[in-house]
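Everything below concerns the one structure shown next.
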Amino acid sequence: MELAVPSVREPETGALSGGLSPQQIVELYRLMVLSRSVDDREILLKRQQKIFFQISGAGHEALQVGAALAMRPGYDWFFPYYRDRALCLALGVTPAEMMLQAVGAATDPASGGRQMPTHWSDRALHIVSTSSSTTTQLLHAVGCAEAGRYLSRHPEAAAKSPDDYRAFRDLEFHGDEVVFTSLGEGSTSQGEFWEALNTASNSKLPVVFCVEDNGYAISVPVEVNTPGGNISKLVANFPNFYFAEVDGTDPEACLVAFQAAVAHCRAGLGPAFVHGHCMRAYSHSLSDDDKWYRSQAEREADALRDPLVKMRARLLREGILTAIEIEAMEHALDDEAAAAAELALEAPLPLVAGIPKHIYSADLDPTSSAFASEQVEPAGSHPGKSATGKGIAPHTMADLINACLFDEMGRDPRIVVYGEDVADASREEALDEVKGKGGVFKLTSGLQREYGSDRVFNSPLAEANIVGRAIGYGVRGMKPVVEIQFFDYIWPAMHQIHNELALMRWRSHGEWAAPVVMRVPIGGYLTGGSIYHSQSGESIFTHIPGLRVVFPSNALDANGLLRTAIRCDDPVLFLEHKRLYRESYGRAPYPGPDFAIPFGKAKIVRPGTHITLITYGAIVPRALQAAERAHRENGIEVEVLDLRTLNPYDWEAIATSVRKTSRVIVAHEDMLSWGYGAEIAARIADELFEDLDAPVRRVASMDTFVAYQPILEDAILPQPEAILKAIVDLRAY
Ligand SMILES: Cc1ncc(C[n+]2csc(CCOP(=O)(O)OP(=O)(O)O)c2C)c(N)n1
Ligand SMILES: [Mg+2]
């Protein structure tokens, strides 16, 4: 790839050498002015209503150019934020590409018209797609750095397999690569900032954190966000970091700071933190006016620190360029930005028909027969290490999930497993004498012992950290299979799941994806599980396009569906009902190391002719109990359908059964209102109205959380008696 600034970079390393020549100083200025010109052109277009949003990097150019020129595009990795126009230009994104995003063109290479301007993405340059959410990108950068380190230590993981997601996921890595990420000073208030620094510091990761401190977060001044007003002072005690605090309006000072930061990272000494004091030459965005909240004196003082103004003065003062030469250069760059805009305004617009493209992988369909195993034969002893059951005897769901993890990790060196308490013992020296933890439910038991601490390890107690880092691993082509200890505590990760994980592919128009598996124990019926260890809430996640949601009810399905989740190329929320982990219901022999079940295929667990009962998870055994009693006591034949996966779900199976029975109950453990059954019931009413002899009934828990006292717990959660009553009522309708 052509470097954008060959005259400035050293050809071998891509970095600048110290002590800049006049020519190199001019090149810095050129990049800064080009960035400002593109911003100014966009502002014009926004005022003419030819583009729909504008946020500028004006005032941040010096810091960003200094950062970009200390690193190597296409070799190092970049997780920038929305102000980083000058950084991206210096890395090699063209003004035309930026303008294509501003107009929302079909040919916008970063997002195909889906993201606002300045939401960067460029695969060749290693600029990973970023969102509008402040600070989420830092954890991606941390995971990306971990992946790079892992791959350097395990180059065998780069091998491709035609049989799974690896066929479509190329790996690139270098032992001395660095990962850059940036954010504003206001965004350092987010917890994920601290979560990212924790892991980067603890694991000595080669991440360059850049805080672009312009003193404001929209209208909120720095001292409101940062106690004492200086983030450098607050982070100073993190171990292993290189720290620099620089005048972010002086590109040369910034470059020197970043070169030292990058050298520290490349040498494997740990992360770096560069805090640049820049300024905001314009208001926050075109939707803001800083005259509303900044005094005139303050604005005037800030304007004197405009890096372009300062550089212009320096060029003249040091006789590097004349006023005429500067003016000619600025005009030429303005023309370049104008030409880019003209080009973009002529570009084709995205087709409405293309909207669903890249919500999920187009390469690998987890509903396809490629994931359907032959009839399984009991395959003898399973490889898992969980406490119950070895040999050919029927195994619990816990056993067969553990066995699947063992098998898949043996087969695919790109898998890493981490989460809270998932390791056998973080202090490896204890392993000789202890049994090992292996998860609070023991589902990951023995994995660290078998596959080593590089592949199975404990995370900090921070759920956003777990999922955010997994996204960083995922975009590098790795397969993180992470555990969230309880569904009740998935909420700190919700931002990462909803705005990042599920969206990575769609928002980058297929350029990036993070096919992460999140295993999550869920549900109640625990007798004493109470509010914070009994929650359901799967419909909150089936409401997220881009995320697959799986919810098995028995050991065999859990084994086969987890295998599909791991081998597929989409992010998967794999919900494991805690009550089912060691139930006698649904045990099965070990089905062997290649048993897989496609997504979106329901299973008729009891055939019947009078009523269709659609359910999943822990309600399956309860529905079967109710169906048996309805048969014995009332002569009603209920067909029980176990959906097994909730997104996608098997509409064909539902429709076939409903056409046969004409009466439907949807039953689930989660609350009734706005629950998963609401969507299924609505679709049946919409598309199968003619086939129905009665309204669609729902059975679910009360619209409240699960209480501790068992009398209350039993009343809140749906019991077999409630299902039986619905069956009898509906038959009589
Ligand atoms: C998680 C999140 N919360 C709120 C916003 C809305 N928002 C966008 S930019 C911004 C201020 C950011 O300030 P700072 O981090 O200092 O960056 P700057 O824009 O000043 O460069 C806010 C509140 C957002 N994008 N993401
Ligand atoms: Mg700011």
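Being a predicted model, the structure only gives us computed values, none of them experimental. Remember, it's 1-based here, ligands and their atoms both numbered in the order they're listed.
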Checking the side chain of T249 only, and the main-chain atoms of P307 only, is there a donor and an acceptor separated by less than 3.5 Å?
no
Apply the test side-chain hydrogen bond (donor to acceptor under 3.5 Å, both in side chains) to residues Y293 and D288: give CA-CA distance (whole Å), side-chain angles for both, the deciding distance (0.1 Å), then the verdict.
CA-CA 10 Å; Y293 50 84; D288 176 49; 2.5 Å; yes
Give the C-alpha distance, both sets of side-chain angles, the deciding distance and a yes or no for side-chain hydrogen bond (donor to acceptor under 3.5 Å, both in side chains) between S129 and R507.
CA-CA 8 Å; S129 168; R507 77 174 185 222; 2.8 Å; yes
Look at the N, O or S atoms of S187, main chain and side chain alike, and state whether any lies under 2.8 Å from the Mg ion (ligand 2).
no
Under a 4.0 Å heavy-atom cut-off, what residues line ligand 1?
H60, Y81, Y82, R83, S132, S133, T134, G184, E185, G186, S187, Q190, N214, Y216, A217, I218, H284, H495
For the side chain to side chain donor-acceptor pair (under 3.5 Å) test, which of N647, T542, D570 pairs with R548?
D570
Testing H498, H495, Q496 for side chain to side chain donor-acceptor pair (under 3.5 Å) with S133, which one passes?
H495
Vertex the Mg ion (ligand 2), rays to OD1 in N214 and O in Y216 - rounded to 10°
80°
With a 3.5 Å distance limit and no angle check, can you tell me whether W194 reaches the backbone of S189 through a side-chain donor-acceptor pair?
no
Is a side-chain N or O of D213 found less than 3.5 angstrom from the main chain of E185, in a donor-acceptor match?
no
Which atom of E185 is nearest the Mg ion (ligand 2), counting N, O or S only? It is OE1
